[in-house]
**Q** 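Encoded as structure tokens, here's the structure I'll be asking about.
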Amino acid sequence: MPVLAPLSRRRTTTARKAAYDALRRAIVAGELAPGTRLSENELADALAVSRTPVREALLRLREDQLVEVVAQHGTFVTPISTDAVRDAQFLREAVECAAIRLAATRTTPADVAALRALLREQEIARDAGDVDGFDALDLALHRALCDLSGRPIAWAVGQRANGHLDRVRRLSLPVPNYVAEMVEEHRAVVDAVEIGDPDLAEAALRHHLRMVLSGLPRIRAERPELFADDEAPFTGTDDEGGQIA
């Protein structure tokens, strides 16, 4: 299990969210690989919290389909599900494209300036080869666009379904020229929002969102060990490295 940074001491509710966020980030980034057995005690020690927020975080991650409980064996990180990726993409496209149509009709010059500041930070991350930094800035831009719709629930709903999609998106980032293409696509979206054209903004965003799925067959072919056979039952890895049914 990779080293997880200890969390600062917080109230129980905040500790639960912090534990969830830390574990979700580690799963999405591949630091907790598919099949990894998750021990409440070990995770609590690594995060410097009690077992309660870890247990509650794992329950939430189970709802997100990022972990699975295998009877009499324990809790494991799930493989990436192609079906879950496609479901998340369907939901994300529906919600974010509806949100950006609203954003294009109500965005102010100050809002556009903030979006362009995020684009400049993305360019800096691109030039520095900072994949983790770009990942965070990518999410920040999409969240900002959803918030500008005046319907912030759009982001919250999408995030709960996006776990497997985020894992594929994260695997795409180190691909040569991928981040550069993402920055230019983001720029096209922001340009359309700035001129107040909902149709153009929706078309630009829809094209951008579908780029993640376009790379899915290649990623699955290159890293089959990370993916589930969606027609087969989940299998994890026991403490000796063997497969369990």
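We use all heavy atoms of the structure for the numbers below, so side chains are in, but hydrogens, waters and symmetry mates are not.
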**Q** So, His164 side chain and Asp83 main chain: donor-acceptor pair closer than 3.5 Å or not?
**A**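 No: the side chain of His164 does not pair with the backbone of Asp83.
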**Q** Test of understanding: clusters of I, L, V, M, F, W, Y form through side-chain heavy atoms closer than 4.5 Å, transitively. Do Leu213 and Leu173 belong to the same one?
**A**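 Hydrophobic grouping puts Leu213 with Leu173.
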**Q** What residues form a side chain to side chain donor-acceptor pair (under 3.5 Å) with Glu63, not counting sequence neighbours?
**A**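 Checked Glu63 against side chain to side chain donor-acceptor pair (under 3.5 Å); matches are Arg160.
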**Q** Once you round to the nearest 0.5 Å, how far does CD of Glu56 lie from OG of Ser50?
**A**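 Answer rounded to 0.5 Å: 8.5 Å.
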**Q** Would the distance check show the side chain of Thr36 and the main-chain N or O of Leu32 forming a donor-acceptor pair, the cut-off being under 3.5 Å?
**A**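 The answer is no, because no donor-acceptor pair under 3.5 Å joins these two groups.
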**Q** Given side chains that start at C-beta, do those of His73 and Arg37 come closer than 4.5 Å, heavy atoms only?
**A**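 They are not in side-chain contact.
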**Q** Looking at Asn177 and Ala180, would you say the former's side chain and the latter's main chain have a donor-acceptor pair under 3.5 Å?
**A**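 No, Asn177 side chain to Ala180 backbone: no donor-acceptor pair under 3.5 Å.
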**Q** Identify the heavy atoms of Thr107 and Ala104 that sit nearest to each other, and give their distance.
**A**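 Taking every non-hydrogen atom into account, OG1-N, 4.3 Å.
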**Q** Which residues pass the side chain to side chain contact (heavy atoms under 4.5 Å, CB included) test with Arg223, not counting sequence neighbours?
**A**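 Partners of Arg223 under the side chain to side chain contact (heavy atoms under 4.5 Å, CB included) test: Leu171, Glu225, Leu226.
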**Q** Set out, in order, the CA-CA distance, both residues' side-chain angles and the distance that settles side chain to side chain contact (heavy atoms under 4.5 Å, CB included) for Met182 and Arg126, then state yes or no.
**A** CA-CA 10 Å; Met182 294 299 100; Arg126 174 201 63 197; over 6 Å; no
**Q** Using side chain to side chain contact (heavy atoms under 4.5 Å, CB included) as the criterion, list what pairs up with Thr108, not counting sequence neighbours.
**A**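 Once residues adjacent in sequence are excluded, the partners of Thr108 under the side chain to side chain contact (heavy atoms under 4.5 Å, CB included) criterion are Ala110, Asp111.
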**Q** A side-chain contact here means heavy atoms from C-beta on lying under 4.5 Å apart; do Val183 and Phe134 qualify?
**A**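 When only atoms from C-beta onward are counted, Phe134 and Val183 do touch, with a gap below 4.5 Å.
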**Q** Return the set of residues passing side chain to side chain donor-acceptor pair (under 3.5 Å) with Asp147 (not counting sequence neighbours), or none when no residue passes.
**A**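 Partners of Asp147 under the side chain to side chain donor-acceptor pair (under 3.5 Å) test: none.
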**Q** Sub-3.5 Å donor-acceptor pair from the side chain of Arg187 to the main-chain atoms of Leu119, do we have one?
**A**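 Not a single qualifying donor-acceptor pair exists.
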**Q** Below 4.5 Å, heavy atoms only, C-beta onward: do Leu43 and Leu58 meet side chain to side chain?
**A**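 They are in contact (side-chain heavy atoms under 4.5 Å apart), so the answer is yes.
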**Q** Within a 6.0 Å radius of atom CG on Asp199, are there more than 12 heavy atoms belonging to other residues, nucleotides or ligands?
**A**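 Correct, the count exceeds 12.
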**Q** List for me each residue that meets side chain to side chain donor-acceptor pair (under 3.5 Å) alongside Asp138, sequence neighbours excluded, and say none if there are none.
**A**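 With sequence neighbours excluded, Asp138 shows a side chain to side chain donor-acceptor pair (under 3.5 Å) to His142, Arg169, His186, given in chain and number order.
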**Q** Where is the tightest heavy-atom contact between Ala201 and Val193, given as atom of each residue plus distance?
**A**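 Where Ala201 meets Val193 most closely, the heavy atoms are CB-CG2, 4.2 Å.
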**Q** Val168, Met211: one ILVMFWY side-chain cluster at the under-4.5 Å cut-off?
**A**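 Hydrophobic grouping puts Val168 with Met211.
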**Q** Sorted by first residue and then second, give each ring-ring contact (aromatic ring centres under 6.0 Å, His included) pair with at least one member in residues 79-123; sequence neighbours left out.
**A**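 Sorted pair list comes back empty.
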**Q** For Leu66, is there any backbone N or O sitting under 3.5 Å from a side-chain donor or acceptor partner on Thr78?
**A**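 Judged by distance alone, yes, a pair lies under 3.5 Å.
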**Q** Judged by atom type as modelled, is there a donor-acceptor pair below 3.5 Å linking the side chain of Ser149 to the main-chain atoms of Leu145?
**A**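 No; zero donor-acceptor contacts below 3.5 Å.
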**Q** Rounded to the nearest 0.5 Å, what's the gap from CG on Leu165 to CG on Asp87? Could you check?
**A**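 Answer for the CG-CG pair, Leu165 versus Asp87, is 10.5 Å.
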**Q** Hydrophobic clusters here meaning ILVMFWY residues chained together by side-chain heavy-atom distances under 4.5 Å, can you tell me if Val49 and Leu38 are in one?
**A**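 Yes.
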**Q** Apply side chain to side chain contact (heavy atoms under 4.5 Å, CB included) to residues Cys146 and Glu96 and explain how you reach the verdict.
**A** CA-CA 6 Å; Cys146 283; Glu96 290 196 32; 3.8 Å; yes
**Q** Other members of the hydrophobic cluster containing Leu139, with the 4.5 Å side-chain heavy-atom rule, please.
**A**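 Under the 4.5 Å side-chain rule, Leu139 groups with Trp155.
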**Q** Please report the C-alpha distance between Arg220 and Thr82 in whole Å, then the side-chain angles of each, then the deciding distance to 0.1 Å, and finally whether the side chain to side chain donor-acceptor pair (under 3.5 Å) criterion is met.
**A** CA-CA 9 Å; Arg220 181 161 186 161; Thr82 302; 2.4 Å; yes
**Q** Taking everything shown except Arg170 itself, do over 12 heavy atoms lie less than 6.0 Å from its CZ?
**A**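 Above 12, so yes.
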**Q** Under 3.5 Å, is there a donor-acceptor pair between the side chain of Gln122 and the main chain of Leu137?
**A**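 Yes: the side chain of Gln122 pairs with the backbone of Leu137.
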**Q** Return the set of residues passing salt bridge (Lys or Arg N to Asp or Glu O under 4.0 Å) with Asp21 (not counting sequence neighbours), or none when no residue passes.
**A**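 Testing Asp21 for salt bridge (Lys or Arg N to Asp or Glu O under 4.0 Å), a comparison that skips the adjacent residues, returns Lys17.
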**Q** I'd like to check the side chain to side chain contact (heavy atoms under 4.5 Å, CB included) partners of Ile124; sequence neighbours left out, ordered by chain and number.
**A**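 Ile124 satisfies side chain to side chain contact (heavy atoms under 4.5 Å, CB included) with no residue once adjacent residues are dropped.
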**Q** Locate the shortest heavy-atom distance separating Ala228 from Pro79; write the atom from each residue and the value.
**A**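 Minimum heavy-atom contact is N-CB, 3.5 Å.
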**Q** Are Phe76 and Glu68 side-chain neighbours, meaning at least one heavy-atom pair lies under 4.5 Å?
**A**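 With C-beta onward as the side chain, the pair stays apart.
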**Q** Using the rule salt bridge (charged side-chain N to carboxylate O under 4.0 Å, His left out), only one of Arg92, Arg24, Arg25 pairs with Asp166; which is it?
**A**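 Testing Asp166 for a salt bridge (charged side-chain N to carboxylate O under 4.0 Å, His left out) against Arg92, Arg24, Arg25 leaves exactly one candidate, Arg24.
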**Q** Out of curiosity, Leu23 CG to Leu47 CG, how far, rounded to the nearest 0.5 Å?
**A**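 Nearest 0.5 Å value for the CG-CG distance: 5.5 Å.
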**Q** Among residues at least two apart in sequence or on other chains, which ones pass side chain to side chain donor-acceptor pair (under 3.5 Å) with Arg116?
**A**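 With neighbours one apart ignored, the set is Asp191, Glu194.
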**Q** Nearest heavy-atom pair of Ala221 and Pro224: which atoms, and what distance?
**A**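 Smallest interatomic distance, heavy atoms only, reads O-CD, 3.5 Å.
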**Q** Quick check against the 3.5 Å criterion: does Asn162 have a side-chain atom that pairs as donor or acceptor with the backbone of Gly158?
**A**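 Yes; judged by distance alone, with no hydrogens or angles, the pair exists.
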**Q** Enter the distance from Asp197:CG to Thr105:OG1 here, rounded to the nearest 0.5 Å.
**A**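 That separation rounds to 11.5 Å.
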**Q** Show which residues join Ile195 in its hydrophobic cluster (side-chain heavy-atom contacts under 4.5 Å, direct or indirect), or state none.
**A**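 Direct or chained contacts put Ile195 with Leu200.
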**Q** Do the side chains of Glu202 and Arg206 get nearer than 4.5 Å, heavy atoms only?
**A**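 When only atoms from C-beta onward are counted, Glu202 and Arg206 do touch, with a gap below 4.5 Å.
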**Q** Can you check whether Phe227 reaches Leu216 side chain to side chain, under 4.5 Å on heavy atoms?
**A**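 Of all side-chain heavy-atom pairs linking Leu216 with Phe227, at least one is under 4.5 Å.
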**Q** What distance do Leu141 atom CG and Glu121 atom CD have between them, rounded to the nearest 0.5 Å?
**A**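 The CD atom of Glu121 is 10.5 Å from CG of Leu141, to the nearest 0.5 Å.
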**Q** For Arg151, look at atom CZ and say whether over 12 heavy atoms of other residues, nucleotides or ligands are found less than 6.0 Å away.
**A**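 Not buried by this count: 12 neighbours or fewer within 6.0 Å.
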**Q** Would you compute the distance between atom CD1 of Ile27 and atom CG of Leu61 and round it to the nearest 0.5 angstrom?
**A**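 Rounded to the nearest 0.5 Å, the CD1-CG separation comes to 5.0 Å.
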**Q** Can you give me the closest heavy-atom contact between Ala19 and Pro53, atom names plus distance?
**A**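 So the minimum-distance heavy-atom pair works out to CB-O, 4.0 Å.
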**Q** Please answer: with hydrophobic residues joined when any side-chain heavy atoms are less than 4.5 Å apart, are Val28 and Ile219 in the same cluster?
**A**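 In one cluster with Val28: Ile219, no.
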**Q** List for me each residue that meets side chain to side chain contact (heavy atoms under 4.5 Å, CB included) alongside Arg218, sequence neighbours excluded, and say none if there are none.
**A**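 Arg218 satisfies side chain to side chain contact (heavy atoms under 4.5 Å, CB included) with Val175, Glu222 once adjacent residues are dropped.
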